[in-house]
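Worksheet for the structure shown next.
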Amino acid sequence: MSIGLARLREEPERIRQGAIDKGEDPSIVDAALSLDARRRQLLGESDGLKARRNALSKQVGEAIRGGASPNGPEVAALREASTEAGKRIEALDKELGEADAQLQDLMLRIPNPADPDVPVGDETANQVVRTWGQQLPKEVEGAAGTWVRKPHWEVAEHLRMFDLERGAKITGSGFPVYTGAGSRLQRALIDFMLDVHTDEHGMTEIWPPAMVNTASARGTGQIPDKEDLMYVVPRDELYLVPTAEVPVTNLHRDEIFEADQLPVRYAAYSPCFRREAGAAGKDTRGILRVHQFDKVEMVFFEKPEASGEALEWLTARAEVILQRLGLAYRVLLMATRDMGFVQAKKYDLEVWSPGVERWLEVSSCSNFRDYQARRMAIRYRPEPGAKPELVHTLNGSGLALARTVAAILETYQQPDGRLAVPEVLRSYMRTEFVEP
RNA sequence: GGAGAGGUCGCCUAGUGGCCUAGGGCGCCGCACUGGAAAUGCGGUAUACCGCAAGGUAUCGAGGGUUCAAAUCCCUCCCUCUCCGCCA
């Protein structure tokens, strides 16, 4: 249940087109519609029989209380009728259960249709919405000749800020060990980001568990489809979180907000664990693609009419962090086939990293509208006493650390080998330069 | 991990097979009384699904079983509390 049966019935054309735009199979929509009709028919029959059985059982009780012999013919006839209804109910319910399961499976495979203002197409249709800052060159001509910026792993090695070899020894490749100033930089960034989001942006800070149970993993949609991306602890049936989105969004699973509680806006730090199955060989150098990294995530619960604007605000909050860090970046509006299955609209923030001369994705800000909320039954009452409606959920990184660190190292390295500390981090780092 | 006690409507609680269509209290909402309020009285106060509607079905931590009939009996699991053990 993600798109919702009501919406499926009301606007099948839009759902079908949404699937096509995202490169998914639209025939699932028709299969779901016919299965839904069948399900409703079965449900009607079953419910009618259950009403009859309930009435008959009640009559048994009344007859016995009225003086009929519990083993007499009158009671026996009622019993028999009830048993018979029970048998048909059992058969119908079995069929109904199968139809339900199939329908649910189909519903999970219908993507969330993108918002109307999202460009249709693959990644080549992504739009650069805006850019900020100066895109520094790798090579700089100076009085002392040409200075070439180093990639972040060389900067880090020189300044002993992280140790990938030992990380590989103690855990495996893709598990960086941050050392000395590198470790302090992690703390500084986490602290800085949380401080801005809480003190200035009014978000509530959350420090969530780093593992979640099966129900939570299912809630945000990590299972069944993305199970291979997560580390699993089978003995205890737990999953290491791939993002704080999972525990934080699940905070309000099966809950109903009062209208005046919304919006609820959280900022959460968590370590993030990703198997990145099948990605071996790509970005093997440095910390651009790792199995464990740190991230401050923003998670919003909004009234439906406010979610569009909330996405713009959310994205701007992530931009604030990049601007204060003095890192050049661009904002991309993701096209339908590059935005993911569950998002209605998504912006990616990419930071410029002059050492590797690449734009690095450090944030992904999405509006899920009611798609996620439906799966997790997160609702609110528009008016006191009114019928609950689904909230809209949004989330975005603010920011992911590893790549931000890479960009800082490559942007702030000095020709003399030192690293200038971005001004906003100096009080946290308690120094202006990191020296060898 | 071991032993014991528990999990019922927003909160507290009654309920050991059919009079449970889950009762009562608190809280909340509405109405009456009032100059206004308090107190009091009356009524209303879960969610999902099906149905044009009338209405029906399901849910008493979760799942399964027994029965014509389960909050109630049986089994498995989860969670909370107390004590013990272990432990940053």
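Each chain gets a letter, A, B and so on, in the order the sequences are listed, and its residues count up from 1.
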Q) When the P atoms of C81(B) and U76(B) are considered, how many whole Å apart are they? A) 23 Å
**Q.** Whole-Å P distance, C29(B) and U34(B)
**A.** 22 Å
(Q) Measuring only the C1' atom in each nucleotide, how far is U8(B) from A3(B)? A whole number of Å is fine. (A) 26 Å
Q: Determine the Euclidean distance between corresponding C1' atoms of A46(B) and C60(B); express it in Å to zero decimal places.
A: 12 Å
Q. Considering Watson-Crick and G-U wobble pairs with both distances under 3.5 Å, what does C87(B) pair with?
A. none
Q) Can you list every salt bridge (Lys or Arg N to Asp or Glu O under 4.0 Å) pair that touches residues 170-197 of chain A, not counting sequence neighbours? A) none
Q: Round to a whole Å and report the spacing from CG of D100(A) to P of U57(B).
A: 18 Å
Q.
Suppose we define a pair by two distances each less than 3.5 Å, Watson-Crick or G-U wobble; what does C26(B) pair with here?
A. G10(B)
Q | Watson-Crick/G-U partner (both atom distances under 3.5 Å) of A5(B) | A | U80(B)
Q: Would you please name every residue forming a ring pair (Phe, Tyr, Trp, His ring centres under 6.0 Å) with H152(A), sequence neighbours left out?
A: none
(Q) Applying ring pair (Phe, Tyr, Trp, His ring centres under 6.0 Å) as the test, list every pair that has at least one member in residues 241-262 of chain A; sequence neighbours left out. (A) H252(A)-F257(A), H252(A)-Y266(A), H252(A)-F301(A), F257(A)-F301(A)
Q.
From CG of L92(A) over to P of A58(B), roughly how many Å is that when rounded to an integer?
A. 14 Å
Q. With sequence neighbours excluded, what pairs up with K150(A) under the side-chain hydrogen bond (donor to acceptor under 3.5 Å, both in side chains) test?
A. none
Q: Sort and list the pairs that fulfil salt bridge (Lys or Arg N to Asp or Glu O under 4.0 Å) and have at least one residue in residues 158-182 of chain A, not counting sequence neighbours.
A: D163(A)-R166(A)
**Q.** Per-nucleotide protein contact string for nucleotides 43-49 of chain B (B base, S sugar-phosphate only, - none; heavy atom under 4.0 Å)
**A.** ----SSS
Q. Where along nucleotides 63-73 of chain B does protein come under 4.0 Å, by heavy atom, of base (B) or sugar-phosphate alone (S), with - for untouched nucleotides?
A. -----BS----
Q) Can a side chain N or O of N54(A) be found less than 4.0 Å away from OP1 or OP2 on A58(B)? A) yes
(Q) For the CD atom on E255(A), are there more than 12 heavy atoms of other groups (residues, nucleotides or ligands in this structure) within a distance under 6.0 Å? (A) yes
Q. Under the salt bridge (Lys or Arg N to Asp or Glu O under 4.0 Å) rule, what pairs show up with a residue in residues 336-349 of chain A, not counting sequence neighbours?
A. D117(A)-K345(A), E312(A)-K345(A)
Q | Pairing residues for Y412(A) by the ring pair (Phe, Tyr, Trp, His ring centres under 6.0 Å) criterion, not counting sequence neighbours | A | none
